Amino acid sequence: MRVGIGIDIHQFAEGRKLIVGGVEIPHSKGLKGHSDADVLLHAISDALLGAAALGDIGKHFPDTSPEFKDIDSKILLRHVGKLISEEGYSIENIDSMLLMERPKVAPHIMAMRANIAECLNIDIGRVAVKATTNEKLGYVGREEGVCAHAICLIEQAG
Ligand SMILES: Nc1ccn([C@@H]2O[C@H](COP(=O)(O)O)[C@@H](O)[C@H]2O)c(=O)n1
Ligand SMILES: C[C@@]1(CO)OP(=O)(O)OP(=O)(O)OC[C@H]1O
């Protein structure tokens, strides 16, 4: 068994959609990035790549490449899932945590888990998404940005 960790941070910006876990969440502002800035899917992608020692998302999807401009991060996560399975691994479980002051994401958690499970072709029961505010402290508390942490376990398939 191998463990992986991923952390991502994106800044809030006016005029952007707020997309987290592949779900568009109604809000006055969204997250800024080269891609759709899906902070949760990026943290999960990095955790999986880390578990297999395959580098990080910046290596696989450079933010200098026009190919990835405004890309749906579900496409990136699907690609990471494919790399993991090509290396002979299956995913035991993924746990993740969003640090986000606002808006409340609880109503969207099931949809996020379903998106992640679909991208990785695993059972939804293997995917957890949780959220906490930052109690108004720091950049998260000031609603300047969002942070996501993810960990995963993978194992040799078969
Ligand atoms: N963006 C968020 C943040 C939190 N939640 C949910 O609220 C609960 C309480 O958060 P605290 O930071 O006050 O502990 C938390 O356990 C989440 O279920 C949320 O939905 N969206
Ligand atoms: C996903 C990529 C590529 O479009 O862009 P961003 O949306 O800026 O995301 P980030 O988490 O900063 O790094 C990975 C990038 O390569």
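In what follows, every heavy atom counts, from backbone to side chain, and hydrogens, waters and symmetry copies are set aside. As the structure is a prediction and not an experimental result, all values here were calculated from the model. Whatever order the structure lists them in is the order used to number ligands and atoms, beginning at 1.
More than 12 heavy atoms of other residues, nucleotides or ligands sit less than 6.0 Å from atom NZ of Lys69. More than 12 heavy atoms of other residues, nucleotides or ligands lie within 6.0 Å of NZ in Lys130, so this atom counts as buried by the packing criterion.
The shortest distance between side-chain heavy atoms of His60 and Val80 does not fall below 4.5 Å.
Using a 4.0 Å cut-off between a side-chain N of Lys or Arg and a carboxylate O of Asp or Glu, Arg102 and Glu143 qualify as a salt bridge. A salt bridge is absent between Arg2 and Glu155: the closest approach of a Lys/Arg side-chain nitrogen to an acidic carboxylate oxygen does not fall below 4.0 angstrom. Salt-bridge check for Asp70 with Arg16: passed, with a basic side-chain N closer than 4.0 Å to an acidic carboxylate O.
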Quick check on ligand 1: any N or O pairs to the protein under 3.5 Å? One line per pair.
| residue | atom | partner | partner atom | Å |
| --- | --- | --- | --- | --- |
| ligand 1 | 1 (N) | Met100 | O | 2.8 |
| ligand 1 | 1 (N) | Pro103 | O | 3.0 |
| ligand 1 | 7 (O) | Lys104 | NZ | 2.9 |
| ligand 1 | 12 (O) | Thr132 | OG1 | 3.1 |
| ligand 1 | 12 (O) | Thr133 | N | 2.7 |
| ligand 1 | 12 (O) | Thr133 | OG1 | 2.5 |
| ligand 1 | 20 (O) | Val105 | N | 3.2 |
| ligand 1 | 20 (O) | Ala106 | N | 2.9 |
| ligand 1 | 21 (N) | Val105 | N | 2.9 |

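You'll find the ring centres of Phe61 and His79 inside the 6.0 Å limit.
Both Val20 and Val23 are assigned to one and the same hydrophobic cluster, defined by single-linkage of ILVMFWY side chains at heavy-atom distances under 4.5 Å.
Contact shell of ligand 2 (protein heavy atoms, cutoff 4.0 Å): Asp8, His10, Gly33, His34, Ser35, His42, Ile57, Gly58, Phe61, Pro62, Asp63, Phe68, Leu76.
Judged by distance alone, the side chain of Asp8 and the main-chain N or O of Ala148 form no donor-acceptor pair under 3.5 Å.
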